[in-house]
A.B. asks: 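Mind looking over this structure? Questions follow.
Please read all numbers here as calculations on a predicted model, not as lab measurements.
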Amino acid sequence: MKISAILFGLIVALIAPAASAQVVSAPLQKIVTPVDPMTMGTDDFARLANPAIWDGLSVNRIEFREDRAFWRLYRIVNLRHPDGPLWFVPHDNENAAFQAAVFAVRSYGGVVIAIEEARSVDGPDSRMNPDVAYGRAIDPNRNFRDDTPNYAATVLADLGAPPRLIVALHTNEPGYSASESTCTPPDAGYTGKGEISVLLCSDLYSPRPSISAAWPFDDTDSVAIVSYLGDRSPSSGFCARPLSDADMNIMFEHVVQSDGSLSNYALFRGLPYVNLETQDRGTDPIGLGDARSRLLAMIGTVMRRCAPVQGIALRLPAPPVRTQPSAKRKKHH
């Protein structure tokens, strides 16, 4: 018995240091740098080099390393109205999404978190983060995982309690691959190659197309994605009914197990979250303006239908004040 006890004590002594080394981690070291958006060399900021756009906004660059990846992101705050939504732009090559986020934070307040392709500040934009010590590049919207808690904590540092509304903004490839859909095949000559469309049906997505198909929903790639838990109905997703009543294009995402995205992360934690997508129309001013306008139109609907709910820290913009009788206006989008 004594020998057994001694052996057991030796085994415990040998194992204990290794076990504790696995659970104790060094504190996250962040580099936070104030930046002047008017002098930034990145294309996203250069396209918006107008002092009027940045008036009242504060911009910081946040850099840190976690696990095998180095991360660089921008935090943009409306100093006059910091209590609005959390606007999230995970992909650096989705240029209209960045512009829509900046315009939205000016109008509705809150904070923007935009991920920068971390390998080179002034290099070509990438959807992925290739600045890794080993292995494959990382999708910034698939990194909300248990083994990378500091990434999620940094992106959601401004979430608050009660949590504020999270609005993720994306642009996407046109159409969808017909071979991936269980819906009626598209018309002859269809050349879609993306993964986001209100025409797409799959085990993951079920569509709710706009009945009127009025702008911005004349484009089937302009959609709101609403996630719901696998044992519930699509209408249980956050703001599902109000967005349906607004006749939006909606893709209902059926979630059983997290895929590492922020939509899934938010769903399993009961956070108010809406994802808005539109087709990428290039980087020329007309294409960017079209995609940005479609995202902003959808944002307006979300803010009217989903934002003024109990428990969400939100300050809506004040209505314009007319100083003189208004003249008859032309209708415009």
Side-chain angles (χ1 to χ4, degrees), residues 85-91 94 97 100-101 104 113 115 127 139-146 148-149 151-153 155-156 159 162-173 176 180-183 194-210 217 220-278 295 298-299 301-307 309-312 314:
L86 176 61
W87 311 95
F88 182 50
V89 184
H91 296 136
E94 299 181 358
I113 296 294
I115 307 298
R127 182 177 187 273
D139 183 342
N141 199 37
R142 291 293 185 273
N143 200 51
F144 294 87
R145 309 190 319 268
D146 291 340
T148 55
Y151 176 81
V155 171
L156 300 176
L159 188 60
R164 67 177 81 205
L165 173 65
I166 306 168
V167 181
L169 300 172
H170 293 265
T171 57
N172 54 63
E173 294 279 0
Y176 66 98
E180 301 296 326
S181 179
T182 58
C183 294
E195 299 175 348
I196 303 297
S197 171
V198 79
L199 302 177
L200 173 66
C201 304
S202 66
D203 291 339
L204 180 62
Y205 293 118
S206 55
R208 188 275 181 200
S210 168
F217 304 115
T220 55
D221 298 334
S222 294
V223 298
I225 300 180
V226 175
S227 304
Y228 68 98
L229 291 171
D231 60 346
R232 301 181 185 177
S233 67
S235 61
S236 67
F238 174 73
C239 204
R241 292 187 183 277
L243 295 182
S244 296
D245 291 343
D247 196 28
M248 295 183 73
N249 284 337
I250 303 174
M251 296 175 69
F252 290 103
E253 181 188 18
H254 180 229
V255 178
V256 177
Q257 183 176 356
S258 177
D259 60 3
S261 65
L262 180 53
S263 65
N264 288 195
Y265 183 96
L267 180 65
F268 284 111
R269 289 162 177 78
L271 302 176
Y273 174 96
V274 175
N275 182 48
L276 301 177
E277 302 250 5
T278 196
L295 285 172
M298 289 188 282
I299 287 170
T301 300
V302 168
M303 296 303 289
R304 289 190 299 272
R305 298 274 181 160
C306 311
V309 297
Q310 185 177 3
I312 297 177
L314 180 71

A.B. asks: Roughly how far apart are L165 CG and L159 CG, rounded to 0.5 Å?
C.D. replies: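 One gets 10.0 Å once the value is rounded to the nearest 0.5 Å.
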
A.B. asks: Can you tell me if R127 uses its side chain to pair, donor with acceptor, with the backbone of P90 under 3.5 Å?
C.D. replies: no

A.B. asks: Answer yes if the ring centres of H254 and Y228 are under 6.0 angstrom apart, and no otherwise.
C.D. replies: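 Ring centres of Y228 and H254 closer than 6.0 Å.
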
A.B. asks: Could you walk me through whether S244 and I250 pass the side chain to side chain contact (heavy atoms under 4.5 Å, CB included) check?
C.D. replies: CA-CA 7 Å; S244 296; I250 303 174; 3.5 Å; yes

A.B. asks: Got a second to check how far Y151's OH is from I115's CD1, nearest 0.5 Å?
C.D. replies: 4.0 Å

A.B. asks: Taking it one step at a time, do N141 and S261 satisfy side-chain hydrogen bond (donor to acceptor under 3.5 Å, both in side chains)?
C.D. replies: CA-CA 5 Å; N141 199 37; S261 65; 5.1 Å; no

A.B. asks: Where do N143 and V155 land on the side chain to side chain contact (heavy atoms under 4.5 Å, CB included) test, with the steps shown first?
C.D. replies: CA-CA 11 Å; N143 200 51; V155 171; over 6 Å; no

A.B. asks: From the options N275, N264, V226, select the one residue that forms a side-chain contact (heavy atoms from CB on, under 4.5 Å) with E253.
C.D. replies: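 Going through the options one by one, the only one that passes is N264.
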
A.B. asks: List the atom of A97, the atom of V89, and the distance in Å for their closest heavy-atom pair.
C.D. replies: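 Shortest heavy-atom separation between A97 and V89 comes out as O-CG2, 3.8 Å.
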
A.B. asks: Please determine if D259 and R145 form a salt bridge, counting it only when a charged side-chain N lies under 4.0 Å from a carboxylate O.
C.D. replies: no

A.B. asks: Count the heavy atoms of every other residue, nucleotide or ligand shown that sit under 6.0 Å from CG of D231, and state whether that count exceeds 12.
C.D. replies: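 It does: D231 CG has more than 12 such atoms within range.
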
A.B. asks: Out of Y265, W87, Y273, which residue meets the side-chain contact (heavy atoms from CB on, under 4.5 Å) rule with I166?
C.D. replies: Y273

A.B. asks: Would a distance-only check, ignoring hydrogens and angles, find a side-chain to backbone donor-acceptor pair under 3.5 Å from E277 to V223?
C.D. replies: no

A.B. asks: If only atom types and distance count, is the side chain of R305 paired as donor or acceptor with the main-chain N or O of T301 below 3.5 Å?
C.D. replies: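 Looks like no, no N/O pair under 3.5 Å.
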
A.B. asks: Evaluate side chain to side chain contact (heavy atoms under 4.5 Å, CB included) for Y205 paired with I196, printing each intermediate quantity in order.
C.D. replies: CA-CA 9 Å; Y205 293 118; I196 303 297; 4.2 Å; yes

A.B. asks: For D247, is there any backbone N or O sitting under 3.5 Å from a side-chain donor or acceptor partner on S210?
C.D. replies: yes

A.B. asks: After noting the C-alpha distance and the side-chain angles of V302 and M298, does the key distance pass the side chain to side chain contact (heavy atoms under 4.5 Å, CB included) rule?
C.D. replies: CA-CA 6 Å; V302 168; M298 289 188 282; 5.6 Å; no

A.B. asks: Please indicate whether D245 has more than 12 foreign heavy atoms, meaning atoms of other residues, nucleotides or ligands, lying under 6.0 Å from its CG.
C.D. replies: yes

A.B. asks: Checking N172 side chain against T278 main chain: does a donor-acceptor pair fall under 3.5 Å?
C.D. replies: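 Yes; at least one donor-acceptor contact below 3.5 Å.
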
